[in-house]
2 protein chains.
Amino acid sequence: MPEDSAPPRPDQLAAYFAVMEVGNLLQHAVDQQLREEGGLSYIQFQILAALGESAEGRQRMTDIADRLVHSRSGLTYQVSQLAASGLVAKESSPEDERSVVVALTPKGRELLGRVLTGHIETVRRIFFTPLNDEDVTVLGDVLGRVRDHMRAVPPRSAAPRRKRGQ
Amino acid sequence: MPEDSAPPRPDQLAAYFAVMEVGNLLQHAVDQQLREEGGLSYIQFQILAALGESAEGRQRMTDIADRLVHSRSGLTYQVSQLAASGLVAKESSPEDERSVVVALTPKGRELLGRVLTGHIETVRRIFFTPLNDEDVTVLGDVLGRVRDHMRAVPPRSAAPRRKRGQ
DNA sequence: TATTGTTATACTCTATAACTATA
DNA sequence: TATAGTTATAGAGTATAACAATA
């Protein structure tokens, strides 16, 4: 429990604040666009996008939850919402009777495609406009490293609970 | 309403996803630390921090709201929570009878100082560890530009409502 | 026994609209 | 009339714990 450590340098603070504020503003803007054009929250969109990326438009609940941080019950809630709207369907897995496979419906795929255009446009407009190619490259590189590190580092007191590999 | 636009390049997608994921993970980690060590949500911490930064530890409701995006009512809620915990006090302004000034109490200042240490430590551990000085500089520069742009660009359909300058 | 997922429940947060009061 | 702020209210989202079923 390090009770003290060197105070952060101004440029470190600037970088930290910038990440937080940009992340917040970006999420806010994107969330609004998704709601207006597709009636989706950002997380619902992320779930659809994750399904759209995967091989046959289907994934297990647990794998989605792992990827999108959610608590299990939170994911159950969101998937229920999507299912109620007919955007996804729940199927039982033939391999493992315990697991539930979530599959994109044609309607879900259609909506995803439709919303994605505006999504990309929004991101381009508010995020990429002030950046040149080199900025984009550097940003992806640096933040990519941060992301990998964050994924690897356990959230401190958490994580060392029950996990398979652990 | 641009129905189509060139698809984003892979490096653009990488940069965008990295910003979003890093922002999310960072906020999540920070939020957890703040809750554990101070019983504060991230937004409550931000309010306290904003007050701590300002000249005499006090600011108007509206100025806080403008800075932290919140709706007015949302800010009223959060400040009420903080006031109920004795961390801030509401005062009426002598200059403008309509406005409410929020002031950090000694207890609030003490908590802020106490929590800040862990906050900085957390950010350092999960965010700055994989970065060298140049990374930090570049990140602050690039994201700083993005932030300034996002602040300037209206959220599309919003904003052009009632604003003084408008 | 561990894992997958759901349910019940309670809580936090946010936004909208209506309202009061001051400028 | 515009601004500052509150309140009521309703809805979305989240987390925890208890639970059932399968591996």
Side-chain angles (χ1 to χ4, degrees), chain A residues 24 27-28 31-32 34-36 38-47 58-85 88-102 155 157-158 161-166, chain B residues 24 27-28 31-32 34-36 39-47 58-85 88-103 155 157-158 161-166:
Chain A
N24 279 338
Q27 177 148 0
H28 218 263
D31 195 87
Q32 187 174 323
L34 292 171
R35 276 180 205 284
E36 287 176 2
L40 294 172
S41 68
Y42 182 57
I43 290 155
Q44 291 168 347
F45 169 75
Q46 283 181 301
I47 293 173
R58 63 189 64 222
Q59 260 189 285
R60 290 198 319 157
M61 291 287 283
T62 292
D63 296 331
I64 302 173
D66 284 351
R67 176 165 173 178
L68 300 181
V69 176
H70 276 307
S71 63
R72 298 286 171 93
S73 64
L75 182 63
T76 296
Y77 170 75
Q78 291 295 353
V79 170
S80 300
Q81 300 299 103
L82 292 172
S85 304
V88 303
K90 289 175 163 187
E91 305 169 355
S92 55
S93 167
E95 302 157 4
D96 188 335
E97 288 293 331
R98 294 173 304 181
S99 62
V100 169
V101 173
V102 183
S157 62
R161 206 57 61 88
R162 60 197 69 167
K163 271 290 186 182
R164 51 185 76 137
Q166 268 303 10
Chain B
N24 280 337
Q27 177 148 359
H28 218 264
D31 196 86
Q32 187 174 322
L34 292 170
R35 275 179 207 284
E36 287 176 2
L40 293 172
S41 68
Y42 182 56
I43 290 155
Q44 290 168 347
F45 168 76
Q46 283 182 301
I47 294 172
R58 64 188 62 221
Q59 260 190 285
R60 289 198 319 157
M61 291 287 282
T62 292
D63 294 331
I64 301 175
D66 283 352
R67 176 165 172 178
L68 300 180
V69 175
H70 276 306
S71 63
R72 298 289 170 95
S73 63
L75 182 63
T76 296
Y77 171 74
Q78 291 296 353
V79 169
S80 299
Q81 299 299 103
L82 292 172
S85 304
V88 303
K90 289 175 160 188
E91 305 169 355
S92 55
S93 168
E95 303 156 3
D96 188 335
E97 286 294 328
R98 294 173 303 180
S99 63
V100 169
V101 173
V102 183
S157 62
R161 206 58 59 90
R162 61 196 67 168
K163 271 291 186 180
R164 52 185 74 137
Q166 267 304 10

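- Here Ser41(B) lies in heavy-atom contact (under 4.0 Å) with sugar-phosphate atoms only.
- Between the CG atom of Asp63(A) and the P atom of dT3(C) there is a distance of 14 Å, rounded to whole Å.
- Within 3.5 Å, a donor on the side chain of Ser73(A) pairs with an acceptor on the base of dT16(D), or the reverse.
- Arg60(B) has its CZ atom 12 Å from the P atom of dA23(C), to the nearest Å.
- Taking atom CD of Gln46(B) as the reference point, atom C1' of dC13(C) lies 14 Å away to the nearest angstrom.
- Remark: P of dA12(D) and CG of Leu82(A) are 13 Å apart, rounded to the nearest angstrom.
- Minimum atom distance to the side chain of His70(A) is reached by dT14(D), of the listed dT14(D), dT7(D), dT6(C).
- Comparing dT6(D), dT4(C), dA21(C) against the side chain of Arg98(B) picks out dA21(C) as the nearest.
- Rounded to whole Å, the distance from CZ on Arg72(A) to C1' on dA8(C) is 18 Å.
- Phosphate contact (OP1/OP2 of dA15(D), side-chain N/O of Ser71(A), threshold under 4.0 Å): present.
- As rounded to whole Å, 18 Å separates atom C1' of dG5(C) from atom OH of Tyr77(A).
- Residues Leu34(B) and Ser41(B) share a closest heavy-atom pair of CD1-O, 4.4 Å.
- Atom CD of Gln44(B) and atom C1' of dT14(C) are 14 Å apart (whole Å).
- Among the atoms of the strands shown, only primed sugar atoms or phosphate atoms (P, OP1, OP2) are found under 4.0 Å from some heavy atom of Gln78(B).
- Checking dT14(C), dA2(D), dT6(D) against every side-chain atom of Met61(B), the shortest atom distance belongs to dT6(D).
- At the heavy-atom level, Ile43(B) lies under 4.0 Å from the strands shown only through sugar-phosphate atoms.
- Of the candidates dT22(C), dG5(D), dG5(C), the closest approach to any side-chain atom of Asp96(B) belongs to dT22(C).
- Rounded to an integer number of Å, the gap from CD of Glu95(A) to P of dT22(D) is 17 Å.
- Checked against His70(B) for a side-chain contact (heavy atoms from CB on, under 4.5 Å), the options Thr76(B), Ile43(B), Ile64(B) give a single hit: Ile43(B).
- At the phosphate of dG5(C), neither OP1 nor OP2 sits under 4.0 Å from any side-chain N or O atom of Lys90(A).
- With contacts defined as side-chain heavy-atom distances shorter than 4.5 Å, the pair Asp31(A)/Arg35(A) qualifies.
- Using a 4.5 Å cut-off on side-chain heavy atoms (C-beta onward), Val88(A) and Val79(A) make contact.
- Here dG5(C) is the nucleotide among dG5(D), dC13(C), dG5(C) with the atom lying nearest to any side-chain atom of Val100(A).
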